[in-house]
J.: 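A single structure is presented below for examination.
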There are 6 protein chains.
Amino acid sequence: MRKIIYIDPVGPDGACSEITKYLDCVKSKDTKLEFTCLEKGPKHLEYRYYSALILPDLLDLIKKLEEKEYDAAIIGCFYDPGLYEAKEILERMVVIAPAEASLHIAATLSYKFSILVGRRKWIPQMMENVIKYGFKDRLASFKCLDFAVDEFHKDEKVTLDRMIKKANEAIEYDGAEAIILGCTMNFGFYKELQKFIKVPVIDPTIAAVKYAEFLIDIRDLMGWYTSKKFAFETPYDLKMV
Amino acid sequence: MRKIIYIDPVGPDGACSEITKYLDCVKSKDTKLEFTCLEKGPKHLEYRYYSALILPDLLDLIKKLEEKEYDAAIIGCFYDPGLYEAKEILERMVVIAPAEASLHIAATLSYKFSILVGRRKWIPQMMENVIKYGFKDRLASFKCLDFAVDEFHKDEKVTLDRMIKKANEAIEYDGAEAIILGCTMNFGFYKELQKFIKVPVIDPTIAAVKYAEFLIDIRDLMGWYTSKKFAFETPYDLKMV
Amino acid sequence: MRKIIYIDPVGPDGACSEITKYLDCVKSKDTKLEFTCLEKGPKHLEYRYYSALILPDLLDLIKKLEEKEYDAAIIGCFYDPGLYEAKEILERMVVIAPAEASLHIAATLSYKFSILVGRRKWIPQMMENVIKYGFKDRLASFKCLDFAVDEFHKDEKVTLDRMIKKANEAIEYDGAEAIILGCTMNFGFYKELQKFIKVPVIDPTIAAVKYAEFLIDIRDLMGWYTSKKFAFETPYDLKMV
Amino acid sequence: MRKIIYIDPVGPDGACSEITKYLDCVKSKDTKLEFTCLEKGPKHLEYRYYSALILPDLLDLIKKLEEKEYDAAIIGCFYDPGLYEAKEILERMVVIAPAEASLHIAATLSYKFSILVGRRKWIPQMMENVIKYGFKDRLASFKCLDFAVDEFHKDEKVTLDRMIKKANEAIEYDGAEAIILGCTMNFGFYKELQKFIKVPVIDPTIAAVKYAEFLIDIRDLMGWYTSKKFAFETPYDLKMV
Amino acid sequence: MRKIIYIDPVGPDGACSEITKYLDCVKSKDTKLEFTCLEKGPKHLEYRYYSALILPDLLDLIKKLEEKEYDAAIIGCFYDPGLYEAKEILERMVVIAPAEASLHIAATLSYKFSILVGRRKWIPQMMENVIKYGFKDRLASFKCLDFAVDEFHKDEKVTLDRMIKKANEAIEYDGAEAIILGCTMNFGFYKELQKFIKVPVIDPTIAAVKYAEFLIDIRDLMGWYTSKKFAFETPYDLKMV
Amino acid sequence: MRKIIYIDPVGPDGACSEITKYLDCVKSKDTKLEFTCLEKGPKHLEYRYYSALILPDLLDLIKKLEEKEYDAAIIGCFYDPGLYEAKEILERMVVIAPAEASLHIAATLSYKFSILVGRRKWIPQMMENVIKYGFKDRLASFKCLDFAVDEFHKDEKVTLDRMIKKANEAIEYDGAEAIILGCTMNFGFYKELQKFIKVPVIDPTIAAVKYAEFLIDIRDLMGWYTSKKFAFETPYDLKMV
């Protein structure tokens, strides 16, 4: 039985525990999925600054989850905050984040894909990840929905219509063959959108759960786990502060 | 129960059915794994020409396997011959090949990885795939073992020693943090090699099986399947010849 | 006297022998140009699958043409199917294809060029070639005419008008300074189009013939021929199947 | 009078206040240079994890320094931790870090340059910055000195010899025309090294001070300051946690 | 006291000495700024040919200015004509040009920036510099104002309106966060434009002066000067013609 | 009958008219090949400065050659000095230079090629051309022979031995499949070298002649000539100085 925990890397006010119910429908039957969030923190991470603020608590939490024998932790934000830092300090537990998972899936299912973002502000930081993970030449475009993080579920019909419009533009003008929803708060839309635009629509929270299960399995079966050489070498002292 | 079939894309003389036994140890308990090869064909695919020769039979076979309700077919050669052609003609069955699967895994577990090849001749063709799949900036190097395809298992001690030497050079001089074995005939070595060099060693046949299971699951659960828009649009007539 | 043969890599039904008459006007007086097609095959190669189907017959034909002392074979499709495979198995005869020839010419005559394609579907496969041949940074854009392969000559006035419109857009919005016609079935249009848009318009079939003559000459005079080291090393046994 | 503050982004135990004395010799006479460090923190930032730990305190400090009317803050670590986060939250004060400053200078003074690092572990994280700042094609190589952060000043003669050896290798084999010292703890070596190897040797702490003065001047004279559009848009609420 | 000379690399008819008055307002109080132009030459350098024509006289002048103890020469054209040639022949005097200076500043103040050009003709030549200096991935776009060099100051209101329109398009559609004015004859507009579009607007002549001061200072203080190894190695004989 | 003129872009002292005799053996029987040099100039162009000095005279000469009804001019230096400037001012005559011609040929005959240079100093300037022409990803390496321009023919046996050694290193360690001789003064060596190393060895002067013939033919037959749009737009006044 795989034990996976979804971390909403925000404070209790921003945390959205209903995501776990949503993800329960897609997890493997051999997976136990839990949910947690930070004890304190901002309501969302739209700014680099907010990501920075939660990093120590997030990494502290992740380290403790490893001690509690979780198999994998999901960092539930499409900026993948703290992902590389977490890979560094972990030695057994898998860690994954929505953008990394979604990009690998989209690049496998299509030649070019687009990412729907809420605000233009998000693009530079996400582009850094697209480049870092290696998918720059597979990205067709970013398309902006002009929604803040907390607006996606205000009127879901409006949101869906905007998504359809922008996804179709990505297909028509940028050659996109798949769509990634660029925010974990986009949960609940992929199925409808997929029906309308007829190309794969990757929900990043689901992508993270399924990729986490995959990474746990290859760790347990073949010992394939984050390389601890160079980039993700573990610090010799996690208590040095 | 997932039904996966491993295709050794060579003729019966070159086919290596023992790979299935090897892979049986790592497949999920919910996976049924079968093996097949081509009715006729070369013993190996070291040349582009040989890949070309088997393409029509391979694609014909793959199309028939889809009709027989297989969930996924693995094209068992690290050149991934026919992978994009197969994605084009399939509409339900998953198709995966060792290089694509291995590169996604290595890029997730490390920042830079190297690929061990048998002969220098292989590098340009494999480099095309590395670029095509998007991982050029993550590749540390190719390292050449100076073995032909059919020599890896002649004296496995010699092969392992050569692999250790070349993998260590890749780590030391090129900054590799993970190693991909660049030939399906490298089966059986990853575990020992991993023990010696202490970084993840990706066996491409195993990578393909596990990635196939993953792709089947996301297809069945979310309908995430090869986009049929543009690059992999299905021909309207598969019988037109 | 150079002996060049133009291969329409389709079956007799799709083959367009009038292309030879068209090309006769531009070949050198020291060139003898013949035409052939496959014994069987699809009517066009719009899909990767169709290209795969004809590969063995195409390569078999090419090998036989080398034995018959042809100086060069042209693979008459803008996807350049089988070009690298043919370079591998040949040891004396030149082989060239329309995209490779056209890209070298366009990159010499302009800083940025665009390629007119019939359908969006063609772009990813052609983009792979643009990248492989090294011209990614010289490509201004692909422009789509929304014509299938067999529609270009239905109403040539309509086709020409569409070409003018799209070529002008490429110049105006994408900075194109030359235009490549991205299909061998675009024969007959370059001269008119060139007159209208006032930048070089590369007809890929003509490009292939002239580049073939050039490659024959440098082979005969200086022995400059496809390198048989690494990428295009000849298989030791062409009959091994 | 410009007011610049050098932040050693570590705790008091790791902080090296003698750097200010060192920098006093190169600052402009119109510059007042102060020094500070964090109230608590690790002794060095060799790991991403350590950088993450100090981020909230560092950004809090930086924000306060802006309120105290400093003209510029220097984040004194060659990983440039928190640089982009600080650009986001600041609206008047300049912020600069050693890698960004050094890369701009080296790229102006040479066509290709190399970076000397202490340990191989540092390379992937620094490479991310080289790519992010746009200098990938100007980098000749990283060269590793095999020293930890706290070992550079143990025996300075040994350190200098190692630097000369590695810098000469970078020039000889990688075509480097300038050298960047890849750690703020390399202070004190540039002048000697420059004398020996006869190419510019960029000391990153000095680079940061001089670039800070430059950025202050263009801010004051022309209003050229970090763009607050998109990437570095200021969060509407810095107290939201 | 720094002695800087601004060279308008055109003949007396085209030279615009009022630029010095303009630049006097932004130079440091420790800087003495002079102006010169060529004895003969074209009125502008819109064509590569014109740049070529003035190169010998420009380099001859620059060499003489070094002998006259100037600290820096500015080559006053956004094509940066002769910049790398001048770096080669100089051994003490700093040389800088507007594009190099502007790109370093824009890349420091923003993640993506756009360049306003007068005519489409300019783009390929400027793109070469953007690539050469390393900033290709930071460039959002070129935007064309449809003005020749001598038209910017005909009706400054019209010019400013065009600039606002095109800069806003660059921000809105291409994600630009800063704007570079791509011609030295754009002097006088940056301040107004900056007020309207609310992102940094880099005037290239000012950028060159301030960057020159910066480069003089790091030369004088640390001996950081153009590397004379490889790319900018000084010819052993400047009189050999 | 094609009329081609080879310009040795140096003064009479440096000019090497024996190159024409050498080239006479490879030109087409329909080609008349002449030789010229500049009235004054340096003996070689190893420095950017020397190239700059000869540019006005070179372009003036080229313009006059066009008026004299030459079909093509070859700029006989591997730095391709003035090539793009010449493309700009010409409207009928073809202009070609050795590097552009050699790179197109090598990229057609091999997947990866190396360039032999005389001195390390040459590499940055030649790399700019490799990037500009689009062949960066096809270049395996530069290899340095440690010869100045005027030393290649001092002891040709020594030169050949050095070439064999360096070419073999390029093949063995960098994966080169073809070799370009990176200096027009390397004439006379390709045939012997080719025999020894068994991969194509491109002599740049010959490459230029044959490519010139090719470009003349496609100009005459199809009107395919340097695009006069944008990059190579002709200045409206060549006498404006």
Side-chain angles (χ1 to χ4, degrees), chain D residues 25-30 84 87 96 100-101 103-113 131-139 171 175-178 190-191 194-195 197-203 206-207 210-211 213-215 217-219 221-233, chain E residues 25-30 84 87 96 100-101 103-113 131-139 171 175-178 190-191 194-195 197-203 206-207 210-211 213-215 217-219 221-233:
Chain D
C25 312
V26 296
K27 71 176 184 54
S28 156
K29 61 183 189 306
D30 300 321
Y84 274 26
K87 289 188 184 198
I96 185 68
E100 192 181 59
L103 287 163
H104 282 283
I105 292 172
T108 306
L109 301 185
S110 70
Y111 187 72
K112 291 273 181 185
F113 51 81
I131 293 170
K132 198 161 78 173
Y133 300 152
F135 297 109
K136 194 178 80 165
D137 291 338
R138 306 299 289 275
L139 182 74
I171 294 168
E177 303 163 358
Y190 88 91
K191 211 175 287 183
Q194 199 164 251
K195 210 177 341 175
I197 62 172
K198 295 185 173 54
V199 303
V201 176
I202 310 305
D203 175 305
I206 296 176
K210 301 311 289 180
Y211 209 60
E213 292 175 345
F214 171 66
L215 294 176
D217 289 357
I218 62 175
R219 177 199 67 177
L221 286 161
M222 279 77 65
W224 293 345
Y225 181 71
T226 306
S227 176
K228 303 308 292 180
K229 198 89 193 169
F230 307 141
F232 306 120
E233 186 189 305
Chain E
C25 314
V26 297
K27 72 174 182 57
S28 157
K29 63 182 186 307
D30 301 321
Y84 274 26
K87 290 188 184 199
I96 186 67
E100 192 181 59
L103 287 163
H104 282 283
I105 293 172
T108 307
L109 301 185
S110 70
Y111 186 73
K112 293 272 182 187
F113 51 82
I131 293 170
K132 198 161 78 173
Y133 301 152
F135 298 109
K136 195 178 80 165
D137 290 337
R138 306 298 288 276
L139 183 74
I171 294 167
E177 303 163 358
Y190 87 91
K191 210 175 288 184
Q194 199 164 251
K195 208 175 345 173
I197 63 172
K198 295 186 174 53
V199 304
V201 177
I202 310 303
D203 176 305
I206 296 177
K210 300 312 289 179
Y211 209 60
E213 293 175 346
F214 171 66
L215 292 177
D217 289 357
I218 62 174
R219 177 199 66 177
L221 286 161
M222 279 77 64
W224 293 345
Y225 181 71
T226 307
S227 175
K228 302 308 291 181
K229 198 89 195 169
F230 308 140
F232 306 120
E233 186 190 305

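The sequence lines fix the lettering, A, B, ..., with proteins before strands; numbering per chain opens at 1. What you are looking at is a predicted structure, and each value in this text was computed from that prediction instead of being measured.
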J.: Quick one: SG on D:Cys25 to CE on E:Met222, what's the gap to the nearest 0.5 Å?
T.: 11.0 Å

J.: What part of E:Glu177 gets closer than 4.5 Å to chain D, counting heavy atoms only: side chain, backbone, both or neither?
T.: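 Both backbone and side chain of E:Glu177 come within 4.5 Å of chain D.
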
J.: Relative to chain D, which segment of E:Tyr225 carries a heavy atom at a distance below 4.5 Å: side chain, backbone, both, or neither?
T.: backbone

J.: Let's test your reading of the structure: which of E:Ala178, E:Ala107, E:Gly223, E:Ala101 forms the most heavy-atom pairs below 4.5 Å with chain D?
T.: E:Gly223

J.: Chain D heavy atoms under 4.5 Å from E:Ser28: which part of the residue, side chain, backbone, both or neither?
T.: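 Neither part; nothing is under 4.5 Å.
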
J.: Of the backbone (N, CA, C, O) and the side chain (C-beta and beyond), which part of D:Lys198 lies under 4.5 Å from a heavy atom of chain E, both, or neither?
T.: neither

J.: More than 12 non-hydrogen atoms from neighbouring residues, nucleotides or ligands closer than 6.0 Å to NZ on E:Lys229, yes or no?
T.: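 Result for NZ/E:Lys229: open.
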
J.: What's the spacing between D:Ile218 CD1 and E:Ile206 CD1 if we round to 0.5 Å?
T.: 10.5 Å

J.: Quick one: list whatever passes side-chain contact (heavy atoms from CB on, under 4.5 Å) with D:Lys112, sequence neighbours left out.
T.: D:Ala140

J.: Working to the nearest 0.5 angstrom, can you tell me the gap between E:Glu100 CD and D:His104 NE2?
T.: 11.5 Å

J.: Sort out for me which of D:Glu213, D:Lys132, D:Lys191 touches chain E most, counting heavy-atom pairs under 4.5 Å.
T.: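 Highest number of pairs under 4.5 Å: D:Lys132.
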
J.: Side chain, backbone, both or neither: which part of E:Lys228 has an atom under 4.5 Å from a heavy atom of chain D?
T.: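 Neither; nothing under 4.5 Å.
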
J.: Measuring from D:Lys136:NZ to E:Lys136:NZ, what's the distance to the nearest 0.5 Å?
T.: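 If I round to the nearest 0.5 Å, the distance is 9.0 Å.
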
J.: Is chain E contacted by the side chain of D:Lys210, its backbone, both, or neither, given a heavy-atom distance below 4.5 Å?
T.: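 Its backbone and side chain both get close to chain E.
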
J.: Contact part of E:Ala106 toward chain D, heavy-atom cut-off under 4.5 Å: side chain, backbone, both or neither?
T.: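 For E:Ala106, neither part sits under 4.5 Å from chain D.
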
J.: Just give me the residue among E:Phe113, E:Phe214, E:Tyr111 that pairs up with chain D most often, heavy atom to heavy atom, under 4.5 Å.
T.: E:Phe214

J.: Would you mind checking which part of D:Ala176 comes under 4.5 Å of any heavy atom in chain E, side chain (CB onward), backbone (N, CA, C, O), both or neither?
T.: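 Backbone of D:Ala176 only, per the 4.5 Å heavy-atom cut-off to chain E.
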
J.: At a heavy-atom distance under 4.5 Å, which candidate from E:Ile171, E:Asp217, E:Leu215, E:Asp137 has the highest pair count against chain D?
T.: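 The answer is E:Ile171.
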
J.: Is it the backbone or the side chain of E:Asp30 that comes under 4.5 Å from a heavy atom of chain D, or both, or neither?
T.: side chain

J.: Counting only heavy atoms closer than 4.5 Å, note whether E:Lys27 contacts chain D via side chain, backbone, both or neither.
T.: neither

J.: With side chains defined as the heavy atoms from C-beta onward, is the minimum distance between E:Trp224 and D:Gln194 less than 4.5 Å?
T.: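 Yes, at least one pair of side-chain atoms sits under 4.5 Å.
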
J.: Taking every non-hydrogen pair under 4.5 Å, which of D:Leu221, D:Val26, D:Val199, D:Thr108 racks up the most with chain E?
T.: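 Highest number of pairs under 4.5 Å: D:Thr108.
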
